[in-house]
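One structure is given here, and the rest of the page talks about it.
Along the sequence shown, residues carry numbers from 1.
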Amino acid sequence: MRLSWNEIRSRAGVFAQEWAGEGYEKGQTQLFYRDFFEVFGVPVRRVASFEEPVKNLGNKRGFIDLFWKGVLLVEQKSAGIDLKKAKQQALNYFPGLKDAELPRYILLSDFQTFELYDLEEDEETKFALKDLPKHVEKLGFILGLQKRTFKDQDPVNIKASELVGKLHDALEDAGYVGHDLEQFLVRIVFCLFADDTGIFETRDLFLDLLETRTNEDGSDLGGWLAQLFQVLDTPEDKRAKNLDVDLAKFPYVNGALFSGGLLIPSFDRDMRKRLLEACRFDWSGISPAIFGSLFQSVMNKKERRAAGAHYTTEKNILKVIQPLFLDQLRSDFARIKARKDNRRRGELLAFQKQLKELRIFDPACGCGNFLIIAYRELRTLEIELIRELRNYQAPGGQQELDATELSVVNVDQFYGIEVGEFPAKIAETAMWMMDHIMNSRLSLEFGQTYVRIPLKKSPHILFGDALDEDWESLLPAAKCSYVLGNPPFIGAKYQKPKQRTQVREIAKLGRSGGTLDYVAAWFIKAANYIKGTKARIGFVSTNSITQGEQVAQLWPLVLDQCKLDISFAHRTFAWGSDARGQAHVHVVIVGLANKVDTPKERRLFSYLDIHGEPAESVHTVISPYLFDAGGLSNPHLVVRETSRPMNGLPKIVIGSKPIDGGYYILSEDEKAELLKSEPKAESFIHPFVGSREFLHGTERFILYLGEAAPAAIDKLPLVKAAIANVRDYRLGKLPPKGKGEDDVKEPGISSRALADTPRSFHVTVVPKSAFLVVPEVSSERREYIPIAWLEPPIIPSNKVRIMPDAAHWQFGILMSAMHMAWTRCVGGRLESRYQYSIGINYNAFPMPPVGAAALLKLEPLVGDVLAERDKHAGSSLAQLYDPDLMPPELKKAHRALDKAVDRLYRAKKFDGDRDRAEHLFELYEKMVAPVIAKASEPPRRKSKASAG
């Protein structure tokens, strides 16, 4: 962890105010940059030097104002001096620098303006001193964060997927559905691909057949396709002698893609037109990874949720395979290429042997996207290697080596397991397609024809459930190099009974294992699979496994029991898919290796913008919460959910949970309509406040009838109707309010039991006095989660947490930077928003080691915060705590409160959220130590005197 961006922006604002109007180069430069680097929490003397001597043009000697070797060169001028000359002066220093010293960034400044040049990305940023807080992210390299760009998917692939999607829709509208539709589309896509990439020897062979031999009305198109599929499945020497000459031109394609009976659709004019549109598209630049997108395109949303299928762009696949193995392989290859001695050729051959021996395994391979892209990258690297070998002239002038004979990387080095028969077939087919692409590339590179048709070697794709299969029998772990992929993300509440059982059995957590996301089972099984080997793991997951209560359930099993460490990780970013109806999820990527085999430098990719590119930083240890844990005595420490406060704070609870299908909940208009007909119902209607109403000041209401006399309700027909609707909803006879019959759900046991008392809520919380409210979900943009007091007759919903009769000092603790540092570090998230958990955020939060008198001293400062809020009574809490709208005086009051709370924890000033979180982890470790010690004590044997 480093300073948060909120902290850095705040420091940048103070820096800009303090240096406004200054600008004397000779006397103030060093002081200016000392303060400037402190904005980022980095002492400038630790990384850079002032007045660095260097030769510039000619034999002259110049002095760089500030120089950070390999990173940054600063040329500083007095206020008002033209920075164009400063840039040229900075560039003039480059010839006098060694290659390793050349900086990536040039920063020019006259104290009041800045110009930053990123020489690698060819980007420039210009801004005024006062705007520094808005541009601090561009200076992230000061924190050790380097911008990392991953190649995005070629848009041509998305276009191709859309064309096939349109064909799918036309076929489906005609009543052609299910397995036959899926298998038919795979065969068609293969033909489209083969037509433009040389698998069919004559280009546009498939297109010509359809255009010239089929009727425009599409009436005979199905018959022609049926014959073509048979031809593609039959070796040339076994075909009929009187076979149509146009069909006989097509080659035999092994691999069982075209084997087996298949119902062929009846085409009409429009369907033929859709197919021809797809044929006329140029498929030569298409990646076989489109098969994954194609598969997702033909699935509906409910099927995607049930399968946990979120198909991946190439860009996101590279985020896994590059830090997992590709970056290291490329680095090793570059080192070998740089050799100039006679050992170079031997090392190149040894390196190629290493590539041949790699075994890559995706235990949730879907349509094979990860395997396809990994294979392409290895073949690309091998082609570069072959080029180096062919350039090598052996003694005696021996003939050039044959490139085709030197190619050794093949599809049989790749393994996968897939629960669906259709995508498993797609994965196998797509690997062959990629193999053909790479063979064509090899042929073009060296001017030799190199094909592998008919197909001889195959990828090892097992059709089965990976959580039930024995991975060792498919690929012994000792031979496996890397386990990677994108396992199903299904959350606990969406899991089917079998899936929940699988998670419990693999995690061995008893009944509690059902609270883990489905993806956790893949992490645990993979960790046990590679335990004690040199294999490594790189998995994508929803970010839930690195936040909240799941951390304590999952990571001790993976890191401690299996003796693994996190070797690299991507923090939360938005997942992308090339398919229509693409999934919208927030994910992390976690790389794992055995402790003894984990690189010393652990790579962490962080996203300031979850839709943007990451900044890469290097650490000695990465915590399960995906922050730098180098300063912790136990970097694998996890925070466990607890049902009661461990810290001496009073208990907080969730608000009312009606389980009413919405029939007790009223909008303002519905309330007015009800009271217009039944004014005596007014005493039963209460304001109903959840997170949205609390933060944004909107209104809704709820009927609360818990204490109402039956005689009073009997006179209110509309209220009685609401009660009847709630009963029927709980019995599964009625859909939620405003929904259709298709939304009627089979009720659970608890819901049916509640139907016996339809006036009651599932959870009833009706405060009798003022109560403190914490919203369950709050934007991650806010520096503080807004909390406040509410009063009866308001009824809180289960979307808020409440503390009855809270003291002002308790508000002060919860609204402090210390509590927010804890929340950001260990709390759960909904996508990226804070999701406040009672068991972790509150019950496990370490309180300062002080008495009641010290805590009471916070109350005047809390009063200042509340007074500043009162000055803006017309603003909602969401507006007051919006980082762009927050009133300066309110922020100032919070800063004073933060300092006071910090001092309760220790006298030494905290250097931002990182420092606070590390301190809180130390306190937490001490807090739970007695509990752990007690739990580990053997049970005492009863004495004879007490045994009876």
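We find that Asp884 and Arg781 are joined by a salt bridge, their nearest charged nitrogen and carboxylate oxygen being less than 4.0 Å apart. Ion pairing between a basic and an acidic side chain is recognised when a charged N comes within 4.0 Å of a carboxylate O; Glu678 and Lys720 show no such pairing. Between Lys737 and Glu670 there is a salt bridge, since at least one side-chain N of the basic residue sits less than 4.0 Å from a carboxylate O of the acidic one. No salt bridge links Lys671 with Glu668; every basic N to acidic carboxylate O contact stays at or beyond 4.0 Å.
Distance check: Leu877 CG to Ile787 CD1 gives 10.0 Å after rounding to the nearest 0.5 Å. Separation of atoms OG1 (Thr757) and CZ (Arg730) is listed at 6.0 Å; rounding is to 0.5 Å. A distance of 5.5 Å separates OG of Ser750 from CD1 of Ile659, quoted to the nearest 0.5 Å. Atom CZ of Phe627 and atom CZ of Arg571 lie 9.0 Å apart (nearest 0.5 Å). To the nearest 0.5 Å, atoms CG (Leu866) and NE2 (His808) are separated by 5.0 Å. Between the SG atom of Cys825 and the CD1 atom of Ile840 there is a distance of 11.0 Å, given to the nearest 0.5 Å.
Ring centroids of His611 and Trp575 are separated by 6.0 Å or more, keeping the two rings apart. Aromatic rings of His686 and Phe701 (six-membered ring for Trp) have centroids beyond the 6.0 Å cut-off, not under it.
With hydrogens and angles ignored, the 3.5 Å screen pairs a side-chain donor or acceptor of Ser656 with a backbone N or O of Val765. Distance alone, capped at 3.5 Å, is enough to place a donor-acceptor pair between the Trp555 side chain and the Ile545 backbone. The main-chain N or O of Pro758 is never found under 3.5 Å from a side-chain atom of Arg727 such that the two would form a donor-acceptor pair. Here the side chain of Thr501 pairs a donor or acceptor atom with the backbone of Pro497 at under 3.5 angstrom. For Gln499 (side chain) and Lys496 (main-chain N/O), a donor-acceptor pair under 3.5 Å exists by modelled atom type. Judged purely by atom type and a 3.5 angstrom limit, Asn647 uses its side chain to pair as donor or acceptor with the backbone of Leu649. Looking only at distances, a side-chain donor or acceptor of Asn843 sits under 3.5 Å from a matching main-chain atom of Thr642. Remark: the backbone N or O of Asn543 is paired with a side-chain donor or acceptor of Thr546 at under 3.5 angstrom. With hydrogens and angles ignored, the 3.5 Å screen pairs no side-chain donor or acceptor of Arg801 with any backbone N or O of Val774.
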- Task: Assess whether salt bridge (charged side-chain N to carboxylate O under 4.0 Å, His left out) is satisfied between Glu707 and Lys768, documenting all intermediate values.
- Result: CA-CA 13 Å; Glu707 299 175 2; Lys768 301 299 183 184; 3.6 Å; yes
- Item | Verdict with supporting geometry, Lys676 and Glu673, salt bridge (charged side-chain N to carboxylate O under 4.0 Å, His left out) | CA-CA 5 Å; Lys676 184 178 178 181; Glu673 191 67 26; 5.2 Å; no
- Task: Applying side chain to side chain contact (heavy atoms under 4.5 Å, CB included), run through Phe573 and Val588 and close with a yes or a no.
- Result: CA-CA 7 Å; Phe573 65 97; Val588 295; over 6 Å; no
- Does the pair Val689 and Arg700 meet the rule for a side chain to side chain contact (heavy atoms under 4.5 Å, CB included), with working shown? CA-CA 7 Å; Val689 175; Arg700 64 175 178 161; over 6 Å; no
- Report the C-alpha distance between Leu695 and Tyr881 in whole Å, list the side-chain angles of each, state the deciding distance to 0.1 Å, and finish with yes or no for side chain to side chain contact (heavy atoms under 4.5 Å, CB included). CA-CA 10 Å; Leu695 291 170; Tyr881 286 89; over 6 Å; no
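Side chains of Arg782 and Tyr834: no donor on one and acceptor on the other come within 3.5 Å. There is no side-chain donor-acceptor pair under 3.5 Å between Asp898 and Ser816. Between the side chains of Ser769 and Asp805, a donor-acceptor pair is found at a separation under 3.5 Å. Side-chain contact check for Asp465 and Gln502: at least one donor-acceptor pair (N or O, by modelled atom type) lies under 3.5 Å.
Closest heavy-atom contact between Ser876 and Gly697: CB-N, 4.4 Å. Taking both residues in full, the closest heavy atoms of Arg759 and Ala708 are given as NH2-O, 2.5 Å, listed atom of the first, atom of the second, then distance. Nearest heavy-atom pair, Phe684 versus Leu716, reported as atom, atom and distance to 0.1 Å: CE1-CD1, 3.7 Å. Contact detail for Pro767 and Pro796: the closest heavy-atom pair is CD-CD, 3.6 Å.
Scanning for ring pair (Phe, Tyr, Trp, His ring centres under 6.0 Å) contacts around Phe771 gives an empty result, with sequence neighbours left out. Under the salt bridge (charged side-chain N to carboxylate O under 4.0 Å, His left out) criterion, Asp902 pairs with Arg916, not counting sequence neighbours. His872 pairs by the side-chain contact (heavy atoms from CB on, under 4.5 Å) definition with Ser875, Leu880, Pro887, not counting sequence neighbours.
Between Asp660 and Phe761 the shortest side-chain heavy-atom distance does not fall below 4.5 Å. Ile702 is listed as a side-chain neighbour of Pro658, based on a closest heavy-atom distance under 4.5 Å. Side-chain contact check for Leu855 versus Met847: some heavy-atom pair is nearer than 4.5 Å. Taking the side chain as every heavy atom from C-beta outward, Tyr607 and Thr572 never approach each other to under 4.5 Å. For the pair Leu734/Val744, no side-chain contact is recorded, criterion being any heavy-atom separation below 4.5 Å from C-beta on. Contact of the Leu703 side chain with the Tyr663 side chain is not registered, since no non-hydrogen atoms from C-beta on lie closer than 4.5 Å.
Here the rule is ring pair (Phe, Tyr, Trp, His ring centres under 6.0 Å) with His819, and of Tyr905, Tyr784, Tyr836 only Tyr836 fits it. Just one of Asn841, Val551, Val826 meets the side-chain contact (heavy atoms from CB on, under 4.5 Å) condition when paired with Val639; it is Val826.
No more than 12 heavy atoms of other residues, nucleotides or ligands lie within 6.0 Å of CZ in Arg692, so this atom counts as exposed by the packing criterion.
Taking the six-membered ring where the residue is Trp, Phe845 and Trp822 present perpendicular rings, their angle passing 60° and hence far from 30°.
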